[in-house]
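What you are looking at is a predicted structure, and each value in this text was computed from that prediction instead of being measured.
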Amino acid sequence: MPDYQLLIFDWDGTLVDSIGRIVESMRRAADTCGLPQRSDEAIRGIIGLGLPEAIQTLYPELREAVLVERFREGYSEHYLALENEPSALFDGVEESLEAFREQGYRLAVATGKSRRGLQRVLQGRGWLDYFDVTRCADETASKPHPRMLHEILQHCAVAPARALMVGDSVFDLQMARNAGMDSVAVGFGAQPLESLRAHGPRLAINEFSELRAWLQGRASVATVEVGEYVG
């Protein structure tokens, strides 16, 4: 049974309830660029990718760099306007993260957000120094490529078997598998658990507090096993 040392979290849809705002901002950007609307399901299906990869997936016909940049600017402008009132953390997130820190876990973020976007929201919460390390899609490879996880593991000097990726998209779970890591599927974010379970998570949750209970249960079992062995 792995003894996890490092917990790595996606941001949007895993820690923060921002999926609705992402969908709305994508729709507004499409209107700005005169593009056809995509379904909510299609938009939710690209959440987790870096923004350039998300735009390319939704609108493969959008090939000219100037048009892609116009879409990106339209999305960012509308999303920033919505974020004047920051998206709320999901229930149980703040208490659980504090508990994880107290229990000695190292914490990290692996997100499709840009570095500028993540720094803005971390600063707004007073969390600039909260996580051991954070990685963003615009400074490494986009999910599901495992590079950002490899960089986090290297920074923390933790083996893949001792790390756990927690996310709400198939890209999070695929990235974890590509990095040789276990994963937890979050069912209250961008994509339904039915889709996520196909990617082999160790745990599927509908409330964030379930992760805390699961880890505490594993720690209790490990303590009993060690005690029995030593005794």
- request: Starting from the C-alpha separation in whole Å, work towards a yes-or-no answer on side chain to side chain contact (heavy atoms under 4.5 Å, CB included) for Leu211 and Leu164.
  value: CA-CA 11 Å; Leu211 172 62; Leu164 187 67; 4.3 Å; yes

Give the C-alpha distance, both sets of side-chain angles, the deciding distance and a yes or no for side chain to side chain donor-acceptor pair (under 3.5 Å) between Gln191 and Arg44.
-> CA-CA 7 Å; Gln191 297 170 22; Arg44 284 173 171 266; over 6 Å; no

Open item on the list: Would Ile152 and Val158 count as a side chain to side chain contact (heavy atoms under 4.5 Å, CB included) here? Give the steps.
Closed with: CA-CA 9 Å; Ile152 290 171; Val158 172; over 6 Å; no

So Phe100 and Arg212, side chain to side chain contact (heavy atoms under 4.5 Å, CB included) or not? Walk me through it.
CA-CA 8 Å; Phe100 295 150; Arg212 181 178 174 186; 4.0 Å; yes

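Distance alone, capped at 3.5 Å, places no donor-acceptor pair between the Arg70 side chain and the Ala65 backbone. Judged purely by atom type and a 3.5 angstrom limit, Arg177 uses its side chain to pair as donor or acceptor with the backbone of His199. Judged by distance alone, with hydrogens and angles left aside, the side-chain atoms of Glu98 form no donor-acceptor pair with the main-chain N or O of Glu95 at under 3.5 Å. Between the side chain of Arg38 and the backbone N or O of Ile43, no donor-acceptor pair lies under 3.5 Å. Between the Asp182 side chain and the Pro201 main chain, no donor and acceptor come within less than 3.5 Å of each other.
For Phe188 and Phe90, the distance between ring centers is under 6.0 angstrom.
No side-chain donor-acceptor contact under 3.5 Å links Arg106 and Gln5. Under the 3.5 Å distance criterion, with hydrogens and angles disregarded, a donor-acceptor pair is assigned to the side chains of Arg21 and Ser87.
Between atom CZ of residue Arg202 and atom OH of residue Tyr4 there is a gap of 4.0 Å, rounded to the nearest 0.5 Å. The line from CG of Leu35 to CZ of Arg27 is 12.5 Å long, rounded to the nearest 0.5 Å. A distance of 9.5 Å separates CZ in Arg197 from CG in Leu203, rounded to the nearest 0.5 Å. The distance from atom CD of Gln56 to atom CG of Leu49, rounded to the nearest 0.5 Å, is 10.0 Å. One distance of note links CE of Met175 with CG of Asp10; it measures 7.5 Å at 0.5 Å rounding. Gln119 CD to Arg115 CZ: the interatomic distance, rounded to the nearest 0.5 Å, is 4.5 Å.
Among the candidates Leu193, Val186, Asp12, Ile205, the single residue satisfying the side-chain contact (heavy atoms from CB on, under 4.5 Å) test with Asp168 is Val186.
Surrounding CG of Asn206 are more than 12 heavy atoms belonging to other residues, nucleotides or ligands, all under 6.0 Å away. Enclosure of atom CD in Glu24 by more than 12 non-hydrogen atoms of other residues, nucleotides or ligands within 6.0 angstrom is indicated. Around the CD atom of Glu85, the shell of radius 6.0 Å holds no more than 12 heavy atoms that belong to other residues, nucleotides or ligands.
Smallest separation of non-hydrogen atoms from Met148 and Ala141: CE-O, 3.6 Å.
At least one side-chain heavy atom of Tyr79 sits under 4.5 Å from a side-chain heavy atom of Ser18. Inter-residue side-chain proximity for Met26 and Leu51 is flagged as met; some heavy-atom pair is nearer than 4.5 Å. With a 4.5 Å cut-off on side-chain heavy atoms, Leu153 and Pro160 count as touching.
Between Phe9 and Phe208, the ring planes are tilted. Angles from 30° to 60° get that label. The aromatic rings of Trp127 and Phe131 sit perpendicular to each other, their planes meeting at more than 60°, with 30° as the lower class boundary.
For Arg72 and Glu69, the salt-bridge test passes: some basic side-chain N is under 4.0 Å from an acidic carboxylate O. A salt bridge is absent between Arg116 and Asp138: the closest approach of a Lys/Arg side-chain nitrogen to an acidic carboxylate oxygen does not fall below 4.0 angstrom.
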